[in-house]
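The shown structure was predicted, so the numbers you read here are calculated from the model rather than taken from an experiment. In what follows, every chain begins at residue 1, and chains take the letters A, B, ... in the order their sequences are listed.
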Amino acid sequence: MTSLSLYNTRTRTKEPFTPIDPENVRAYLCGPTVYDRAHIGNARNVVIFDVLIRLLRRLYPKVTYVRNITDVDDKINVRAQERGVSIEEVTEAPINWYREDMGALYTLPPDIEPRATEHIPEIIAIIEKLILNGHAYEAEGHVLFSVASDPQYGKFSGRTPDELLAGARVDVAPYKREAGDFVLWKPSTPDLPGWESPWGRGRPGWHIECSAMSWRHLGENFDIHGGGDDLIFPHHENEIAQSCCAFPGSHFANVWVHNRMLLVNGEKMSKSLGNFLVLHEVLEKAPGEAVRFMLMRAHYRQTLDFSDAGLAEARKELDRFYRAIQLHPNARERKVPLHLVFDALLDDLNTPQAIAALHKYADLAFAGNEVGAVALKAAGELLGLFNMSPEEWLLGDGFDQVEVDRLTNLRIAARLRKDFVESDRIRDVLLKEHGVIIEDGPGGSFKLRKA
RNA sequence: GGUCCGGUGGCAGAGUGGUGAUGCAGCGGACUGCAAAUCCGUGUAUGUGGGUUCGAUUCCCGCCCGGACCUCCA
């Protein structure tokens with residue numbers, strides 16, 4: 001078996017993955033800011049990282065997977081003020097929704113799910129270090145990171161200081177020394193959430209919470225940091241600047257894994273376009289496994305168009321796999337080689353190629369070889385697929401069991417007396433009134449599946 | 001404007017310096033009472049113009065088209 005290669009945003013190349021500590025691989029994924037329902041783009045991120053974590057767990061004895069919850073932020077504050085409630089009351093439901101929705105996609109929960117509000121001491125500690133090291137300064141109650149103090153700044157996202165300056169399209173606050181300087185700590189008015197700090201009552205800026213939480217739970221240096229590619233700048237650039245300047249000699253994350261954005265029916269998802277797909281709503285119309293599968297049908301570094309047609313195809317492909325598994329209900333579990341799937345995933349998580357391998361296993365199963373079905377199930381575990389029985393997937397229980405039984409019995413009788421007009425009529429009733437397709441097998445046997 | 005990424009058959013979507021995966025859809029056939037599922041067979045697909053090479057879809061350059069990022073969006 002070859003070893004794992006990952007495309008590293010830091011070096012812009014695909015490189016072999018070498019853990020800092022093979023006994024404990026440490027990975028961090030930028031989690032949600034909790035003020036609303038998760039959207040389908042969040043789902044891609046989590047599903048892809050889930051595949052990576054599952055793969056790492058096969059390769060290494062221990063993996064520590066940290067995914068944060070950002071539960072203090074200006075958007076949250078606005079919601080709280082609008083509703084006249086605390087930020088805890090705003091964030092509670094979205095946190096639960098997020099866990100439910102991601103669970104419905106069969107993603108494994110992180111080992112540690114730290115919250116920004118529970119890491120204020122670490123945030124303050126890092127800011128103090130930055131001030132001490134001359135990388136941050138206080139101005140009008142704010143603490144700002146000084147971009148000019150960090151010669152490495154901009155390198156990660158491939159920007160020169162000039163470009164950064166030219167690109168600054170927001171109004172530059174007067175207390176900033178340079179337009180590119182960003183806030184580490186900002187003062188809170190009494191009506192806003194705040195914590196006591198050496199700079200007065202205030203709250204953290206964006207970016208600093210991830211530096212604090214990854215430091216606390218994974219250390220100054222860790223293996224993998226993931227997120228959507230829109231976070232490369234400014235979020236991750238700033239995280240790197242903060243962490244590396246706070247801890248001289250450290251390099252923060254070794255490998256940066258970024259997934260591309262998602263399109264919805266060919267357009268970028270945005271609230272103004274009205275094509276903002278809320279994951280919860282997608283899950284009301286399609287099985288979680290189909291959504292998960294669809295997100296795996298394109299390579300993670302490729303733009304993926306989330307369309308109804310694509311979702312329908314994903315379902316059909318899963319149908320085929322479940323049929324292949326169903327063909328061998330008594331297949332004995334045993335070790336089977338999964339080179340095809342492993343090799344695909346080891347090569348920078350090539351999920352489309354892994355899916356092609358799944359089809360090869362299905363071919364084998366359909367040809368009568370139960371090894372195909374065993375391999376399919378084993379590969380499914382690695383990919384987070386085939387979480388239910390074939391019967392549950394193909395038929396489910398959303399139909400009138402008693403009536404369907406009665407009709408199928410009538411049809412058996414009709415077929416026995418070769419009354420095909422009647423048996424075809426019953427088949428039609430089953431489909432049109434019960435949404436059930438009946439498939440005849442050898443010797444009068446049959447299978448049911450939902451249309 | 002700057003930086004970066006991509007353009008593969010009807011659609012989705014991989015790989016590769018040397019006869020272009022995989023799935024869906026289509027067409028023909030086998031099987032079936034008929035279907036469905038399955039199996040077999042099938043299709044002038046690598047945006048465009050140059051260059052390098054014995055040979056390019058793959059490497060290099062130009063062009064066209066599309067997309068992302070450029071301070072709080074995964």
Requested in this report: State which residue, out of A/Asp348, A/Asn350, A/Asn259, A/Asp229, fulfils the side chain to side chain donor-acceptor pair (under 3.5 Å) condition with A/Tyr300.
Outcome: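 It is A/Asp348, the one option of A/Asp348, A/Asn350, A/Asn259, A/Asp229 that forms the side chain to side chain donor-acceptor pair (under 3.5 Å) with A/Tyr300.
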
To the side chain of [X], which of [options] is closest?
X        : options             : value
A/Arg320 : B/C39, B/U71, B/G33 : B/C39
A/Arg159 : B/A74, B/U22, B/C70 : B/C70
A/Arg260 : B/U38, B/C69, B/C5  : B/C5
A/Asp229 : B/C34, B/A74, B/A68 : B/A68
A/Leu231 : B/U71, B/A74, B/A14 : B/A74
A/Gln302 : B/C72, B/A14, B/G33 : B/A14
A/Ala356 : B/G23, B/A21, B/A74 : B/A21
A/Gln353 : B/A74, B/U71, B/A14 : B/A14
A/Asp230 : B/C69, B/A35, B/U71 : B/C69
A/Trp206 : B/A14, B/G33, B/C72 : B/C72

What is the separation between atom [atom1] on [X] and atom [atom2] on [N], rounded to the nearest whole Å?
X        : N     : atom1 : atom2 : answer
A/Asp348 : B/C5  : CG    : C1'   : 15 Å
A/Asp101 : B/A74 : CG    : P     : 14 Å
A/Glu237 : B/C72 : CD    : C1'   : 15 Å
A/Ile426 : B/A35 : CD1   : P     : 19 Å
A/Met294 : B/C11 : CE    : P     : 16 Å
A/His236 : B/C69 : NE2   : P     : 15 Å
A/Glu239 : B/C72 : CD    : C1'   : 13 Å
A/Phe366 : B/C39 : CZ    : P     : 6 Å

Query - Atom pair CD (A/Glu422) and CD1 (A/Ile426), whose distance is rounded to the nearest 0.5 Å - result: 4.0 Å

Query - Atom pair OG (A/Ser157) and CD (A/Glu237), whose distance is rounded to the nearest 0.5 Å - result: 3.5 Å

Report task. Could you tell me which non-hydrogen atom of A/Arg292 sits nearest to which non-hydrogen atom of A/Gly384, and how far apart they are? Result ->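 For A/Arg292 and A/Gly384, the tightest heavy-atom pair comes out as NE-O, 3.1 Å.
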
Query raised in the report: Taking all atoms of both residues into account, what is the closest heavy-atom pair of A/Tyr7 and A/Val255, and its distance?
Result: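 The pair with the smallest heavy-atom distance is O-CG1, 4.5 Å.
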
Partner of [N] by Watson-Crick or G-U wobble geometry, both contacts under 3.5 Å, or none?
N     : value
B/G43 : none
B/C4  : B/G67
B/A35 : none

Report which part of the nucleic acid [X] touches: base, sugar-phosphate, or nothing (heavy-atom distance under 4.0 Å, all strands).
X        : value
A/Asn259 : base
A/Arg427 : base
A/Gly310 : nothing
A/Arg415 : base
A/Phe420 : base
A/Thr33  : nothing
A/Glu313 : base
A/Arg37  : nothing
A/His235 : nothing
A/Asp181 : nothing
A/Leu358 : nothing
A/Leu262 : base
A/Ile355 : nothing

So that I can tick it off, tell me whether [Y] and [X] are bridged by a salt bridge, with the cut-off set at under 4.0 angstrom between side-chain N and carboxylate O.
X        : Y        : result
A/Arg415 : A/Asp419 : no
A/Glu313 : A/Arg297 : yes
A/Arg79  : A/Asp74  : no

Spacing of the [atom1] atoms in [M] and [N] (rounded, Å):
N     : M     : atom1 : result
B/C65 : B/U44 : C1'   : 24 Å
B/G29 : B/G20 : C1'   : 26 Å
B/A37 : B/C24 : P     : 10 Å
B/G41 : B/C31 : C1'   : 15 Å
B/U38 : B/C60 : C1'   : 48 Å
B/G17 : B/U57 : C1'   : 10 Å
B/C61 : B/C27 : C1'   : 43 Å
B/G43 : B/U8  : C1'   : 15 Å

Report summary line: Taking for A/Gly441 and for A/Leu263 the nucleotide of RNA chain B with the nearest heavy atom, the one nearer the 5' end belongs to A/Gly441

Query raised in the report: Which comes earlier along RNA chain B counting from the 5' end, the contact point of A/Ile437 or that of A/His299, where each point is its nearest nucleotide?
Result: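 Nearest-nucleotide comparison on RNA chain B picks A/His299.
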
Taking only N and O in the side chain of [X], is any of them less than 4.0 Å away from OP1 or OP2 of [N]?
X        : N     : answer
A/Arg323 : B/U38 : yes
A/Lys316 : B/A25 : yes
A/Asn350 : B/G15 : yes
A/His258 : B/A74 : no

Report task. Flag the pair A/His236 / A/His258 as yes when their ring centroid distance falls below 6.0 Å, and as no otherwise. Result -> yes

Query raised in the report: Is the distance between the ring centroids of A/Trp97 and A/His280 under 6.0 Å?
Result: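 So the answer is no for these two rings.
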
